[in-house]
Amino acid sequence: MLSNLSVILAPSAFKTSAPRCASARLVVAAGLIAGAFLLLVLQPAKAENAATPIAIASQKIAAGQMLNGRFLLNRHLAGFSRELQSEGTFTLVPDKGLIWRVATPFASTAAITPNGILQLTGGEEAMRLPASSQPGLSQLFTVLSAAVSGDVAHLEQLFTVRQSGTADQWKIVLEPLAADAGKVAQVKSLTLNGSTHVETADIDKGGGDTDRIVFSGQTITPSTLSADDVALLETLDR
Amino acid sequence: MRRRALWLWMAVLFVAGCYLAFRLVGGNVVDSNILSLMPSLDRGDNIQAVQDSISEKFSRRVIFLVGSPSPETSIAAAKTLASVLDHSGTITALTSKVDTDASQQIAAAYFPFRAGLLSPDDRTRLLAGNGQVLTSRALSILYGPSGFANAQLIERDPLLLLPTFLGSLPVPQSRLQLNDGMLTVRDDLTSYALVSADLAGDPFSLAFQTQFERVVLDATASMETMSPDLTILQTGAIFYATDSAREAMSETSTFGILSIVGTLLLILLVFHRTRPILLGLAAIVAGILCAVAGTLLIFDQIHVVALLFGSSLIGISIDYSFEYFCGYFEPQLRTPQQRLSRVLPAIGMGLGTTLIGYCTLLLAPFPGLQQVACFSLIGLSAAFLTVVFCFPALDTVGNVSHGTKAIRLARAHWTLWEAPHLRFVRIAILAACAIGATAGFFFLEVDDDVRHLQSLSPDLKQQESEIARLTGAGSATQFLVIEGENEEALLQHEEGLAPELARAMQDGELNGYTMVSQFAPSVSRQKENRALVADQLMAPHLAAYLAQIGFDGEIDHGPANSFLTPSDLPATGPLSVLHLLAQEVASQPVHVVMLQGLQNPASMTQWAESQSGVHFVSPADDWSRLFGTYRRYALILLGVSVVLMYPLLVWRYGFGQGFRALVPPLAAVALAVPLAALAGVTFTFFNAMALVLVLSIGVDYSVFCIEASETRKPVTSLAVALAALTTIMAFGMLAFSHVFAVHAFGMTMLIGIFFAFLFAPATRNARRVGSEGDRA
């Protein structure tokens, strides 16, 4: 009854604790799930959250509104001689989806919704991963929208949340909760810094893989998606 | 002698009673599986074995969707349900359990062979020389927000071909997402969580149905105490089977009770005595007792449908009693013994012809019909013997002085057919029948579709379609079976069929298909893929791609000469469908291709038969075809009945009268068909079976009328009227059944018996009146 997409997580811990045999490493290497943001949560969560919430404007995106902005993503992968840098714009519609438009080095668009991931290159579908196909894929949207907007409320089941700083210059550090080392998340930690909006997001995927996203030009506007964008977000709903 | 026969018969009844009690206590006497009524479809053993194994696997699956406005509540409730089911011992496997170990196992199984695995789209692109697209895609994934890849993955699958292949595998349920270890789906305001399992017992066994039902009720109760506003949807063969069985059983008991009560009231009404009621009841009970005990002895289980038809036996077995009881109105018969000897030839002939009629049912190689025939033969014979042995000893009624009104009415029935001055009325009646029959023939429609014969509970059907809509799971009710010499040949054969199936999908004739080669391409295909990847993708594009992303490690493409075979794949979790698709029959590998949403079975059959080694199997259509064959068969049985009864009638009545004895029942049969059509009943196999019974019961009435002496005529037609009335009550009630097949049967019987009764006195040869006098 499950989908037949049997892609696995590549738990970072696995890399260190697994026996040094080819198959274990291959298993790890074959992991496809959004490395930075997925958590396999099969254990009950223990929330240890800071008592006083920090006021972040972009946390309060009302229904019928959307968050737009620009991003600069610097991805460092261990074993690669240079960083992968991409720039573009994003649009977040809370609870519906995130549209991520890469402008440089080449144009591509990704739509991430609770139903999965859709990636388009040159208007053609490059990758479609429905949420039913992988454990935890539906968490990706939750984590990404938290990273973009600063709204960590939905993540309290999955991560410990530590807030510090003031309302003008705050920092939130999220670390995954997982009792079982074999199923540890791809995300070793997620650090958000910002003032009225999230300014930077640092993701540590372990093993030397890190992402740093710098956001700018965020605005909250009434939700006026173009028909194409609406269709894009709904493609995965089927 | 008589007393000895009586005691012997009582002993037989006693033994039957004990055996029945013993079997009832032991349980498991009733069989509710519709399939055990059927003969085996003659498709060749391999195909039948595959079909049986698929039906069995599908019939064991149960699916629940637990819904609530809050996702957490629905998940918690679903987990409760899952754990209750798991601990109840009624299921073997919770198939909804999301097992990441299985996922990892499967990915690990595919990984060594990745060089030869391409998704269908990727393959098409490479065949068209369009490798650039794949490179762009890999880049957009690497640069995209999801950021899947890392050095180790790129080292082994630089262009991410394996993940794309894995993503292209046929997904049975595409709308579900994984959430907190459960598969969930959201529909507007309600969030559902899925629990599905394979049953441990036989969904068609009444005992297991009861057990499972109790488990589900307990689970539902505990879920609802936790959270009152849950919506629970369920589907599975076991729910339909439980519902049908319950409906059939309740109808059986309702009809049975109404029949008995109606019959006994009728006796009271006509004869004004209680002793006949007791005697009649004795005959009915003896009949049913022996029928059930005998059928259990021969068939080991009695089917629900046989019980349902058997309950209408009540209406027929009373016929012999009525012939006897009407002797109360004859003043010259003073002792019970005299009454019996008066009617013995009549009821003997009646029994004989009816037994011949039922025996023809035994000829059909149809286990269900054989059971019904066996039940009825034993039951009627037992009732007859009770009349013969017990009635004289137990009957204390002297003569009755009432009943003149009834007798006068009965005499009028004879007058209708014999009086010269009523000739015009007779012609009018016959003309009306002829017109009605002709009109009916225009409305006559034959419908063998097995889906129309069974009336499934609309509530269950609605839940099933809701579940299908919410999960996005299509249902595969038709499939192709492919035979071949070895696994590789089968896979290549499947790959040869794939283009035509894809074309059917594009044309909208087919929603989807699932085959083994989608999970494990043939070795020749894998070799082709390797060459394609090397020539169209790696050679022209790999270096530039690696330079762009800044990766300068060594690429490991995997072992050069190992190829994936289906046996390398663990058939667990998401790949458990492989159990159904790759089977072994008589140590030959056989593959099944599941077809979803096929619109045009006829053209698929044609195309499949044109390929060698491919068979198209559609169980529902096969059953419909079978019912069609047996419908025609039943009509032949009708002819056989007539032919077999005729010698018996000739032996007693001579050629002329013997033939005329058959005229009223045949007329009734000829009228029942079109008039039932006028009443909106399509002609099915069950109508045909009803006609066989109309004939044998109708002959009873004719025989009673022929055997009647001049003075006995009114009494006889009263007996016939009462017999017809009780038979109509018994079978007519079947016309109220919710099961269409039973309803059609009941309507046909109703109309047929009525006309058999109406025409019965017309059977007498006019020349016989007066000259041969009393024969009895």
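Reminder, nothing fancy here: chain letters follow the sequence lines and each chain counts from 1.
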Checklist entry - Once you round to the nearest 0.5 Å, how far does CG of Leu84(A) lie from CG of Leu139(B)? => result 9.0 Å
Item to check | Side chains of Pro105(A) and Tyr143(B) in contact at under 4.5 Å (non-hydrogen atoms) | outcome: yes
Checklist entry - Who among Ser140(B), Ala138(B), Ala109(B) has the most heavy-atom pairs with chain A under 4.5 Å? => result Ser140(B)
Next on the checklist: On a heavy-atom basis, which atom in Phe80(A) and which in Ile549(B) lie closest, and how many Å separate them?
Outcome noted: CD2-O, 3.2 Å
Item to check | Interchain contact, Ala78(A) with chain B, by part (heavy-atom threshold 4.5 Å) | outcome: backbone
Item to check | Arg101(A) CZ: over 12 foreign heavy atoms closer than 6.0 Å | outcome: yes
Checklist entry - Where do Phe551(B) and Gly79(A) come nearest, in terms of heavy atoms and distance? => result CD1-O, 3.8 Å
Checklist entry - Ignoring hydrogens and geometry, is there a side-chain-to-backbone donor-acceptor pair from Arg137(B) to Gln119(A) under 3.5 Å? => result no
Next on the checklist: Pairing donors with acceptors under 3.5 angstrom, does anything connect the side chains of Ser136(B) and Thr121(A)?
Outcome noted: no
Next on the checklist: Given heavy-atom pairs under 4.5 angstrom as the criterion, report whether the side chain, backbone, both or neither of Ser81(A) touches chain B.
Outcome noted: both
Checklist outcome for this item: In terms of heavy-atom contacts, Arg82(A) and Ala547(B) come closest through NH2-O, 3.0 Å
Next on the checklist: For Glu199(A), give me all partners under side chain to side chain donor-acceptor pair (under 3.5 Å), at least two apart in sequence or on another chain.
Outcome noted: Ser195(A)
Checklist entry - Under a 4.5 Å heavy-atom cut-off, does chain B meet the side chain of Gln85(A), its backbone, both or neither? => result backbone
Next on the checklist: Using every non-hydrogen atom in the two residues, find where Trp100(A) and Pro145(B) come nearest and quote the distance to one decimal.
Outcome noted: CD1-CD, 3.4 Å
